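Reviewing the structure listed below.
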Protein chains: 2
Amino acid sequence: MSTPNVSGTASPPSGATAASRVFEALKQDLIRGRFAAGEKLAIGSLKTHYQVGLSPLREALNRLAAYGLLEQVNQRGFRVPPLRLDELDDIADLRSQLECMALTQAFQNGDAEWESQLLAAHHRLRRADERPEDVEAWEQAHLRFHRALLASCGSPWLLRFIEQLHDQFDRYRRLAPPNPGVRERLDRQHGELVQLAMERRIEQARALLDEHIGLSHGVARGACSAP
Amino acid sequence: MSTPNVSGTASPPSGATAASRVFEALKQDLIRGRFAAGEKLAIGSLKTHYQVGLSPLREALNRLAAYGLLEQVNQRGFRVPPLRLDELDDIADLRSQLECMALTQAFQNGDAEWESQLLAAHHRLRRADERPEDVEAWEQAHLRFHRALLASCGSPWLLRFIEQLHDQFDRYRRLAPPNPGVRERLDRQHGELVQLAMERRIEQARALLDEHIGLSHGVARGACSAP
DNA sequence: GAATTCCGAAAAATCGATTTTTTTAAAAAC
DNA sequence: GTTTTTAAAAAAATCGATTTTTCGGAATTC
């Protein structure tokens with residue numbers, strides 16, 4: 001792990017509590033792979049690293065464990081979940097299923113405002129594509145694009161689960177060795193998804209989204225070592 | 001709210017931390033509706049009620065908020081989520097979808113051990129049916145039956161989300177006025193589900209599970225007041 | 001020689017007190 | 001008469017210290 005995440009990409013602007021700030025910072029650092037998989041977290045060093053006291057830090061760790069980004073064992077602290085191939089497959093398969101479900105509903109409920117937001121998110125993503133040096137900007141734009149695609153689905157709980165799976169998935173993907181050829185194909189699919197969304201071609205869009213996640217899944221598998 | 005949950009139905013036997021104990025107790029009390037919907041939790045009185053210090057109590061509250069059984073607003077504490085009809089509908093619809101998905105996989109992967117556990121769980125549920133005075137015993141047997149039905153689905157993340165939705169759903173159902181006629185129909189459906197599971201009749205089973213949840217959904221709607 | 005027991009150090013969990021922020025209600029201003 | 005300001009009280013959040021439990025290695029036993 002490296003330097004503290006002073007101002008993360010999606011951190012609350014201000015007025016937040018220390019617990020919320022360290023929660024967001026830790027969450028981003030976990031997804032970005034700044035801790036080794038399976039590593040046991042040393043609370044003492046986290047305290048100095050994130051510059052917070054014990055109480056807010058422990059509250060943040062408890063939240064992250066409930067969210068699934070940490071494993072908690074009762075009298076022996078917190079550890080970063082290991083990267084397991086079977087778990088990644090589970091996450092990716094379920095992500096495909098849930099996102100296709102949400103996509104169908106999003107197409108049905110989507111209005112002009114949704115279309116506009118989707119176009120805007122796609123434009124931001126393309127602009128971020130042009131600056132490969134700022135990985136974090138691209139990652140944020142990418143996340144927001146996928147959110148915008150499903151935003152109009154109308155089911156808060158479905159979106160919640162998809163977000164959770166996305167965070168899990170990204171931890172694997174971001175730890176995997178980069179694959180430039182695939183990256184371009186993925187980028188092209190984003191544009192095609194927008195096109196299909198505008199025309200409400202649900203079946204083609206579902207197939208493409210499934211392929212999109214499958215392609216990313218293949219890349220992410222590179223993060224796993226053993227079984 | 002009433003007396004403290006000294007030994008909840010599913011509390012860890014021992015060796016648990018104070019935070020884990022109060023988490024389990026609070027979780028059960030929230031699902032059982034021992035707090036008013038929308039109520040703001042007074043941390044001071046929770047401390048005396050559950051006989052724990054501030055730190056483990058706050059850690060438990062943070063976990064419950066991350067799980068979705070509490071709402072947390074940054075500088076103003078924790079409150080019990082209100083009961084909203086549109087949210088219940090969302091929970092019930094998604095529960096149907098996810099459980100039918102899991103059921104299909106459970107039928108495909110289910111082996112003799114799964115069948116045995118399902119029969120055992122069903123038997124326990126029928127025995128609990130005979131003692132209507134012990135509501136908690138029936139509730140536990142019922143929860144375990146539904147777990148056993150989907151246990152062999154093979155997707156830990158799907159089961160996790162289903163469990164979470166089930167807890168959300170039960171909070172509504174248990175606050176709704178009882179409906180004796182429906183109760184008998186629901187009980188009969190459990191037996192039919194076992195029968196269909198043994199014979200792997202997936203389509204009929206999916207339809208029945210969907211109907212089962214829909215029926216319960218109708219009852220649970222009685223818990224909501226406004227829109 | 002392998003397994004077990006017994007320390008001492010390290011880490012996790014908890015407690016009690018302090019600080020910060022919000023809420024409430026009264027007083028003042030317009 | 002309504003709104004704004006102010007001050008006190010209450011509640012939330014945080015800190016530092018204490019207690020409890022686990023971990024690792026040396027000494028002991030079988």
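Computed from a predicted structure; not experimentally measured. Every chain is numbered from 1 and lettered A, B, ... according to where its sequence line falls, protein lines coming before strand lines.
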**Report entry** Derivation of the salt bridge (Lys or Arg N to Asp or Glu O under 4.0 Å) call for A:Glu139 and A:Arg32
**Finding:** CA-CA 10 Å; A:Glu139 288 287 348; A:Arg32 289 174 190 169; over 6 Å; no

Requested in this report: Taking only Lys NZ, Arg NE, NH1 and NH2, and the carboxylate oxygens of Asp or Glu, determine whether A:Glu130 and A:Arg127 approach each other closer than 4.0 Å.
Outcome: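 So A:Glu130 pairs with A:Arg127 through a salt bridge.
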
Query raised in the report: Of all residues at least two apart in sequence or in a different chain, which pass the salt bridge (Lys or Arg N to Asp or Glu O under 4.0 Å) check with A:Arg95?
Result: A:Glu99

Report task. Kindly indicate, with the supporting measurements, whether the criterion side chain to side chain contact (heavy atoms under 4.5 Å, CB included) is fulfilled by B:His122 and B:Arg126. Result -> CA-CA 6 Å; B:His122 183 237; B:Arg126 291 187 66 97; 3.5 Å; yes

Query raised in the report: Within less than 4.0 Å of OP1 or OP2 of C:dA12, is there a side-chain N or O belonging to A:Lys40?
Result: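 Indeed, a polar side-chain atom of A:Lys40 lies that close.
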
Report task. Take the C1' atoms of the five end pairs on each side of the helix from C:dG1-D:dC30 to C:dC30-D:dG1, get both axes, and report the angle to 10 degrees. Result -> 20°

Query raised in the report: Between A:Lys27 and A:Tyr67, is NZ or CZ placed under 6.0 angstrom from the six-membered ring centre and within 45° of the ring axis?
Result: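 Flagged: A:Lys27 positioned over aromatic ring of A:Tyr67.
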
Requested in this report: Could you label the plane-to-plane angle of the B:His190 and B:Phe145 rings as parallel, tilted or perpendicular, counting under 30° as parallel and over 60° as perpendicular?
Outcome: perpendicular

Query raised in the report: Is the B:Phe161 ring parallel, tilted or perpendicular to the B:Trp157 ring (thresholds 30°, 60°)?
Result: tilted

Query raised in the report: Can you give one letter per nucleotide of nucleotides 13-18 of chain D, 5' to 3': B if a protein heavy atom sits under 4.0 Å from the base, S if only from the sugar-phosphate, - if neither?
Result: SBB-B-

Requested in this report: Could you check whether A:Leu41 gets within reach of a base, just the sugar-phosphate, or nothing at all, counting any heavy atom under 4.0 Å?
Outcome: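 Contact class for A:Leu41: sugar-phosphate only.
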
Query raised in the report: Only one of B:Glu87, B:Arg84, B:Arg221 clears side chain to side chain donor-acceptor pair (under 3.5 Å) with B:Tyr172; which?
Result: B:Glu87

